[in-house]
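For reference, the structure discussed in these notes is given below.
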Amino acid sequence: MAKKRFHIAVIPGDGTGPEVIAEGIKVIRAVSQKCDFEINLEYYDLGGEQYKKTGETLSDSVLESLKGKDAIYLGAIGHPDVPPGILEKGILLRLRFELDQYINLRPIKLYPGVDTPLKDKGPEDIDFIVIRENTEGLYAGSGGFFKKGTPDEVAIQESINTRKGVERCIRYAFEICKRRNKARKLTLCGKTNVLTFAFDLWERTFKDVSKEYPEIETDYAHVDAICMWMVKNPEWFDVIVTDNMFGDIITDLGAMIQGGMGIAAGANINPDGVSMFEPIGGSAPKYTGKNMINPIAAILAGQLMLESLGEGEAGDLIEKGVKYVLKEKLKGVAAGKMGYTTSEVGDMIADYISSVNP
Ligand code: IPM
Ligand code: MN
């Protein structure tokens, strides 16, 4: 039988993106040999430098080409010389929207050997997943200015919540909660006491869909309160589902309690299409080219990618390698504090994978 072969689009992007993606690819190659599949990579030069040269963010032809891939592996998008919004909207959000990656999945997991800023909390307390709606809400770009630049100026930015968009996100969260099979508890995070239209829709939809999942316990928390509980009692959470903006905010908090941006990975998922996997930390211009940044977030994004491609065993092996290096090798997880360079961390994980029996 011919080996399985995955066609992966690689967008190293800006800042430290290329450095961490190189380590991710190193690890994916190592695991592909162990688990007997092939990867075929096509690199795409997108990001701030490219925009400065060409004035283009993401062309229709590049987008079309990406649609033909099995997955997209993304480093980082963001450049200090480009005004905010252009690259984010032109590349990252455009990809999420055009490829209809309506789920943003972010595991919040503290690995043994990693320090959390939460006192008296350990790996057994911090292990949950946030499912963030990824194509609607305040990110939809609905709104505009009225009388811009005058004393009467008005700026409106609306949150768009469709029944279809909310329902597919909530249903996905129930499915993940069921498949994960841990505490079997799904928490809706909203703001029903103030956003009485948007989160009324979310709450009603949540109740409706929950009827299909009698085995899953349901819970609700306001977004402000969930920030408090994530710090005080992170062990309460199994899976959290929320809208785009709240999900953006609480997953940065989540990244901090799991040890920092150096190890936080995320997946932008279209269950029926092309998904995209990224470290969530951004381009970190300050560390660019210094071989100092932690590649583990990108490596774990690779794990998420292989799992979504059906290579669960390969994903497990990557996680094993990451766990080993975090526990036995690294002094810290922050850039410049690891006791090793970016490429040494990638080497250690790849070598571990090559040497271990799956
Ligand atoms: C993230 C990022 C993006 C977002 C930015 C860069 C547009 O913060 O992936 O969380 O807000 O979604
Ligand atoms: Mn964010």
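Note that ligands are numbered from 1 as they come in the structure, with each ligand's atoms numbered from 1 the same way. Since this is a predicted model, take the numbers as computed values, not measurements.
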Salt bridge present between D127 and K182 (N-O < 4.0 angstrom): yes

Sub-4.0 Å atoms of ligand 1 with respect to non-hydrogen atoms of R132: 1 (C), 4 (C), 10 (O), 11 (O), 12 (O)

Residue-ligand contact D248/ligand 1, heavy atom below 4.0 Å: yes

Pairing of D238 and R184 as salt bridge, 4.0 angstrom limit: no

Subset of ligand 1 atoms that lie under 4.0 Å from at least one heavy atom of R96: 1 (C), 4 (C), 9 (O), 12 (O)

Residue, atom name and distance, where the atom is the protein heavy atom closest to atom 4 (C) of ligand 1: Y139 OH, 3.4 Å

Side-chain ion pair, D208 and R171, N-O less than 4.0 Å: no

Closest protein heavy atom (residue, atom, distance) for atom 5 (C) of ligand 1: L92 CD2, 4.2 Å

F199/F246 aromatic ring centres below 6.0 Å: yes

From the candidates K89, R106, E278, the one that places a heavy atom nearest atom 1 (C) of ligand 1: R106

Cationic tip of R168 above Y102 ring, under 6.0 Å, 45° of axis: yes

Nearest to the Mn ion (ligand 2) - the N/O/S atom of D248, by atom name: OD1

Cation-aromatic face contact R106/F277, 6.0 Å, 45 degrees: no

Atoms in ligand 1 flagged as close to E88, the criterion being non-hydrogen separation under 4.0 Å: 6 (C), 7 (C)

